[in-house]
There are 2 protein chains.
Amino acid sequence: MNERAKASRVSTKDIAHKALREMIIKGELEPGQPIAEEELAKELQISRTPLREALQILELEGLVNRSLNGRINVAPISIQEVKEIFVIRSNLEGIVVEDAIDNITQKDIDHLTHLIKLLKMAISLEDYETIDRFGKQFHEYIYTVSGNKMAVKFLYQLNSMINRYRRLAHKSIGDTKQSVKEHKMILHYIIQKDKINAVEEMKKHILGSLNQAIKTVEKYEHTQF
Amino acid sequence: MNERAKASRVSTKDIAHKALREMIIKGELEPGQPIAEEELAKELQISRTPLREALQILELEGLVNRSLNGRINVAPISIQEVKEIFVIRSNLEGIVVEDAIDNITQKDIDHLTHLIKLLKMAISLEDYETIDRFGKQFHEYIYTVSGNKMAVKFLYQLNSMINRYRRLAHKSIGDTKQSVKEHKMILHYIIQKDKINAVEEMKKHILGSLNQAIKTVEKYEHTQF
DNA sequence: AACTTTATAATTGTATACAGTTATTTTAAA
DNA sequence: TTTAAAATAACTGTATACAATTATAAAGTT
């Protein structure tokens, strides 16, 4: 372990954190599944110390829960939670576009325009993974332009939870085309520096994906949880 | 240490976490001050293991920062950050009142009404500490009624940061009287189940306290940071 | 004297050991 | 067979030891 940490300058804790987050998002660690530190440490070939620190981060990120007796389990999935997450996210994304409008340059606008083009292209190829990636990039670019560190921090925290649900969802082409329209609208209002409508449109856009997420979760709740 | 943990059923980590949070909020650990684990562990009479876990929590809460070399220091205070925090909080509090309106009972309304009375009383006594406490209780009661666990989780996270600034602020009686009026208005709209205005009023209420906070920080930034 | 280079010290990151707690199994009694 | 008690095992929480890294001080060079 140590050599690796030395070589890559990344701590074992961080490696464990990212690995576990990925495992939870992918469902390799199932919702509700109990986690035994020793066992997991052996599996990851690390000691309990950095693993515990990683689990602590995951706990604060809401991906695992700790019960009174100290036992940790993978956080369950619930409709209630999805709803809460998306409403909060829609507000944060609203804050962030508003701030972005204050700082945006022509270069930024060009980049966002370019991303929308790429998005359209991916849709025409029905390449859902790429669609997802560009959509994400669009939002994250706005994060950066906003300069709102705190909001961005919260958004990343939320997004790691949202990714759990996103993995489960299967979008239709219709959904993605609608999504592009919305991205265009948002960009339009950004260019116009029309904060009120940009925020409004962004919120609608985020909440639009909520319904989709809810349907997915409902399906899972019936079968598993 | 162990006996204590056994007796109170609270972990050393949590004790350290709460103690450090308090120290940072009170300014006993000053903004920017570097933290040496060994030294601090000795001071708290605990080992580095639970201390590190506590520091990790504080890092995610935004009360300390970790630089690339692993050194930890108390998070600095900045106007930009205060602004970000308050805008986010105003949105979250908005979400929370909205949800609260869905669930509120007569008993809840009575309690909130009672809290406002207590608030008025504290103001007439110019007892600022009590004013603060009842104001906090008013908001936190709404948190509970909302049932929005995720939003509440974020709010508590924000509030621990906000408390750093609150400690520095010195309210005037005028401010507090205005605050009572706003609380009354919020409650009024809650009773009417008027979500739009309740949210609006809540946001205004939170942002109103922002200016006050900014002034305080400006003063500090000139002197210290 | 200023700048490198080397050596030393301080500090963080990880592993391991052990203590304390909780869960599970076994044994005993009804 | 069910229930209670005791013993055992599994697991978490904390302390300590050590390895690796970074900062500091000392020595050497130009």
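All heavy atoms count here, side chains included; hydrogens, waters and symmetry mates do not. Order of the sequence lines sets the chain letters (A, B, ...), proteins ahead of strands, with each chain counted from 1.
In this structure, a donor-acceptor pair under 3.5 Å is present between the side chains of T105(A) and D108(A). The closest side-chain donor-acceptor pair between S11(A) and D14(A) falls under 3.5 angstrom. In the model, K149(B) has no side-chain atom that pairs as donor or acceptor with a side-chain atom of Q80(A) under 3.5 Å. A donor atom on one side chain and an acceptor atom on the other are not found under 3.5 Å apart for Y156(A) and E61(A).
Interatomic distance, CG of L155(B) versus OH of Y143(B), reported as 4.0 Å (0.5 Å rounding). Remark: M161(B) CE to M150(A) CE distance equals 4.0 Å, nearest 0.5 Å.
Whole-Å rounding puts the E37(A) CD to dT14(D) P distance at 11 Å. Between the CD1 atom of I46(B) and the C1' atom of dG13(D) there is a distance of 12 Å, rounded to whole Å. As rounded to whole Å, 16 Å separates atom C1' of dA15(C) from atom NZ of K13(A). Rounding to whole angstrom units, CD of residue E38(A) and P of dA10(D) are separated by 11 Å. With rounding to whole Å, L40(A) atom CG is found 12 Å from dC11(D) atom P.
In this model, the phosphate group of dG13(C) is not approached by any side-chain N or O of T12(A) to a distance below 4.0 Å at OP1 or OP2. Phosphate contact (OP1/OP2 of dT16(D), side-chain N/O of S47(B), threshold under 4.0 Å): absent.
The ring pair (Phe, Tyr, Trp, His ring centres under 6.0 Å) test with H111(B) is passed by exactly one of F134(B), Y141(B), F138(B): Y141(B).
Under 4.0 Å is where a charged nitrogen must lie from a carboxylate oxygen, and between R52(B) and E59(B) no such pair does.
Proximity of residues 49-59 of chain B to DNA chain D (heavy atom under 4.0 angstrom from any strand atom) is restricted to T49(B), P50(B). Taking a 4.0 Å limit (strictly below) on heavy-atom distances, residues 60-72 of chain A reaches DNA chain D at R66(A), G70(A), R71(A).
Residues meeting the side-chain contact (heavy atoms from CB on, under 4.5 Å) test with D127(A), sequence neighbours left out: L125(A), E129(A), T130(A).
Of the candidates dG13(D), dT14(D), dT12(C), the closest approach to any side-chain atom of R48(B) belongs to dT12(C).
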